[in-house]
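Residue numbers begin at 1 in each chain, while the letters A, B, ... track the order of the sequences. Because the structure is predicted, anything quoted here is derived from the model rather than measured.
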Amino acid sequence: MEKRSRDFIRETIDSDLASGKHSEIVTRFPPEPNGYLHIGHAKSICTNFGIAREFGGKCNLRFDDTNPVKEETEFVESIKGDVEWLGFKWDNLYFASDYFDRMYLLAEQLIVMDLAYVCDLSPEDTKVYRGFASKPGRNSPFRNRSIEENLDLFHRMKNGEFPEGSRTLRAKIDMASPTMCLRDPAMYRILHRSHHRTGDKWCIYPMYDFAHCLEDSTEGITHSLCTLEFESNRPLYNWYLEKLDIFRSRQIEFARLNLSFTVLSKRFLRKMVEEGLVNGWDDPRMPTLSGLRRRGIPASSIRNFCSIIGLAKRNSTVDIALFEHCIREELNKTAPRVMSILNPVKLVIENYPEDRTEHFDYVVNPEDESAGTRPTPFTRELYIERDDFMEDPPKKFFRMGPGREVRLRYAYLVTCTGIIKDEDGNITEIKCTYDPETKGGNAPDGRRVRGTLHWVSAANSFPVEVRLYDRLFNKGNPLDTEEGEEFTSSLNPDSLAVVTNCMVEDHMGKNKPGFVCQFERKGYFSIDPESTSERMIFNRTITLRDSWKKLKEKKK
RNA sequence: UGGGGCGUCGUCAAAUGGCAAGACACAGGGUUUUGGUCCCUGCAUUUGGAGGUUCGAAUCCUCCCGCCCCAGCCA
C-alpha cells in the first residue's frame with residue numbers, strides 16, 4: 001500500500017477512535033434504486049467500503065427507497081452487481097423500506113412531543129408560506145393543531161383517507177430560520193403508489209431528510225459520508241436525531257466526482273439512454289459501471305483511480321486523462337499481447353515458399369515474465385496494417401514504403417518490392433522479399449531497422465468485428481452550453497466506429513466475453529458480451545499512447 | 001440577496017506557523033523487436049486580492065473578490 005497523506009474524513013475518524021468516541025467504524029453506501037451506478041458512485045463506494053475495510057469496521061449497502069414513483073427492482077439488481085464487481089462485500093444489505101414501521105412510530109413520537117403537525121396547505125401554498133432566502137416564512141395556519149388532532153390526522157393519512165398532495169406531516173421547527181430546510185420541512189407526503197418492496201401497504205412515504213438520518217441511526221452508522229449538496233441539510237439531520245434522542249450518526253460531506261469529457265448525473269445519463277443517443281445503460285461509452293465493465297475496464301483501475309483523486313470539500317473536475325492513465329497502467333501489467341490487424345492489407349513475401357509455415361516465439365506479456373511465450377505461425381501471405389505503408393513516406397515515418405526495409409515482429413526483416421492497385425487506385429497488395437538471415441528479426445550484419453510492424457498469417461487468422469470507442473463528448477465540460485443549447489450538442493459523433501473484417505490470430509477464437517488483451521501497437525481490446533462464435537466482437541477499451549500520432553498532429 | 005461551503009501548478013491534491021510533496025497533463029532527452037512500457041530532466045521565488053500580527057504566514061487576524069450549494073410534498 002503506497003503512503004498517501006490522509007484526507008479530512010480519515011483524520012476525523014482517526015480522532016474519533018483516539019478519543020474513544022467510537023470503538024468501531026460503521027459506514028454505508030446508500031444509493032436510491034432509480035438508475036444505474038456510474039463512476040461518480042464508485043468514488044463513494046470506494047470511500048465508504050474502503051474506510052470500513054481500512055479501519056476494520058463495517059459497511060452496509062442500503063437502498064434508499066423512500067420514493068416509490070421513481071424506483072424499480074431492476075436498478076437494485078444492477079447496483080448490487082456493480083458493487084460486487086467493484087470488489088466490495090457489504091456487511092448487511094438493507095432497504096430504507098425495512099424501517100417504514102419504525103419511522104412511522106418515530107414520527108408519532110415527534111407529534112406527541114409537539115414537534116410535528118399535519119399541514120393541509122397545498123404544495124403551492126406551502127411554497128408561498130416558506131418565504132425566500134432573505135425573507136422569513138410565515139407559520140402555516142395548521143401549525144397549532146392539537147396533538148390529538150395531529151395524531152388522528154396522521155393516522156388517517158396512513159389509512160389512505162386523503163388524496164395525494166392534500167396533506168403532509170411537517171416538523172415544527174422555525175419558519176424564520178435562515179436555513180431553508182429548517183422552515184417546517186415535510187416529513188411525510190401522501191403517495192397512493194405501490195412500492196417495489198412494500199407493495200400497497202403504505203400510502204404515505206417519508207421524505208429524505210427524515211428518513212435518512214433514521215436509517216443511519218438505526219444501523220449505528222458512525223460516519224455518514226455524503227456529497228456536498230447535503231451540507232445544508234445537516235442541521236435538520238442533527239435535529240431529528242437530537243429530538244428523538246437516538247444514536248447520533250455524524251454526517252460528513254465531501255465533493256462529488258466530476259470528470260471531464262463526460263457527464264455524471266443520473267438525469268442526463270437517463271436522458272441519453274431514453275433518447276437512444278447511446279445503446280443502453282451499459283453502452284461502453286457510458287461512464288456507468290456497467291458501461292465501463294463492458295468496455296473492458298478493470299475494476300482495479302477504477303479503485304486505483306478513486307484512491308488517487310483524493311477526498312476533499314472543494315468542487316473539482318478530474319481530467320479524464322488521469323482515468324485513462326489508470327486504465328493503461330493496469331492493463332499494461334496484466335493484458336496478454338496479441339497481433340491483430342484492424343485495417344488489413346495483404347503482404348506477400350515473394351521469395352518465401354508457398355507451402356511453408358514457421359512458428360516464432362511470441363512474448364505474451366513483456367511486463368510479466370510469468371506469462372511466458374507462445375508459438376505464432378508465419379506464412380508467405382500475411383496481413384499488415386494499411387497505415388503501416390505509405391507510398392511517399394516522410395523522413396520521420398519509419399514504417400513500410402517502396403524499397404524500405406522493416407521488421408516483421410519476431411519474424412524477419414522484409415523489403416518492399418512493389419504494390420498492386422485496383423482500378424480506383426487502392427492498394428490491394430504489397431509485395432516484399434525477406435532476408436532468410438534475419439530469422440527472429442535481427443540482422444547478423446548488425447544493420448539497424450527502425451520500424452517494427454505487427455502482422456498476422458493470412459492462413460491462420462479470421463475476421464472479427466471491432467468497435468472503436470472514443471470520448472463520448474468532444475467538449476471538456478459538456479454542461480457548459482450556449483444559450484438554448486443542450487449538453488447533447490457536444491456529443492462526439494465519432495465516439496463509436498464499427499470496423500468489420502479485422503483479422504485476428506486463430507487462437508483468439510477460444511476466448512470468452514470479458515477477455516481483455518492488447519492488440520500490439522493499437523490498444524487494449526475486450527470481447528463484447530454480444531460476441532458469438534460466428535461473429536466475434538471486440539471493444540476497444542482504450543488506445544495505447546501514441547506519440548507518432550501526436551507528432552503528426554503537431555505538424556498540422 | 002439570508003444561510004451554508006470552497007479558493008494552492010493546465011487538472012487533481014499534500015503541506016496543520018519553520019523555508020510550496022506527489023500524480024496526471026505538457027516539454028525535452030535516453031533505452032527499446034509495440035512510435036507501447038521503462039528511465040532521466042524541466043514544469044507554482046509563491047498559495048484569489050489587499051493590508052496586518054510574527055524572527056518567520058498557504059497556514060493566524062481584518063477587509064475585499066470569485067465560485068458552488070439550499071427556497072421539491074426529489075434524493
Next item on the list: Give A/N34 one of three labels, base, sugar-phosphate or nothing, depending on what nucleic acid heavy atoms sit under 4.0 Å from its own.
Entry: nothing

[X], nearest nucleotide to its side chain (from [options]):
{"X": "A/A133", "options": "B/rC24, B/rG2, B/rG5", "answer": "B/rG2"}
{"X": "A/S316", "options": "B/rG5, B/rC12, B/rG3", "answer": "B/rC12"}
{"X": "A/M180", "options": "B/rU34, B/rA75, B/rC70", "answer": "B/rC70"}
{"X": "A/A312", "options": "B/rA75, B/rA13, B/rC26", "answer": "B/rA13"}
{"X": "A/S232", "options": "B/rC12, B/rA75, B/rG3", "answer": "B/rG3"}
{"X": "A/N315", "options": "B/rC68, B/rG35, B/rA14", "answer": "B/rC68"}
{"X": "A/R314", "options": "B/rU8, B/rG2, B/rC73", "answer": "B/rU8"}

Check: Going by number, which of residues 360-369 of chain A have a non-hydrogen atom under 4.0 Å from RNA chain B?
Finding: A/P366, A/E367

Item checked: B/rG35 base / A/R399 side chain donor-acceptor hit below 3.5 Å ->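 When only heavy-atom distances are counted, A/R399 does reach the base of B/rG35 through a donor-acceptor pair under 3.5 Å.
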
Next item on the list: State whether the distance check finds a donor on one side and an acceptor on the other, under 3.5 Å, for side chain A/R545 versus base B/rU37.
Entry: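 Side chain to base: no pair present.
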
Check: Does the side chain of A/R409 come under 3.5 Å of the side chain of A/T452 through a donor N or O and an acceptor N or O?
Finding: no

Check: Should the pair A/E385-A/R399 be classified as a salt bridge under the 4.0 Å nitrogen-to-oxygen rule?
Finding: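 Answer for the salt bridge query: no.
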
Notebook entry, point to check: In terms of side-chain geometry, is the basic nitrogen of A/R28 or A/E215 positioned less than 4.0 Å from the acidic oxygen of its partner?
Noted result: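 No, no charged N to carboxylate O under 4.0 Å.
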
Margin query: Taking A/P206's backbone N and O only, do any of them form a donor-acceptor pair with A/R189's side chain (distance below 3.5 Å, no angle check)?
Written below: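 Side chain of A/R189 to backbone of A/P206: a pair is present.
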
Notebook entry, point to check: Is the NZ or CZ atom of A/R374 positioned over A/Y362's six-membered ring, under 6.0 angstrom from the centre and within 45° of the axis?
Noted result: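 Cation-pi check for A/R374 and A/Y362: passes.
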
Margin query: Taking Watson-Crick (N1-N3 plus N6-O4 or O6-N4) and G-U wobble (N1-O2, O6-N3), each under 3.5 Å, can you produce the dot-bracket string of RNA chain B? Use [ ] for crossing pairs and | for inter-strand ones.
Written below: .((((((..(((.....[...))).(((((.......))))).....(((((..]....))))))))))).....

Checklist line | B/rA75 base stacked by A/Y208 (centroids within less than 5.5 Å, tilt under 30°) | finding: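 So no, this residue does not stack on that base, at least one cut-off failing.
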
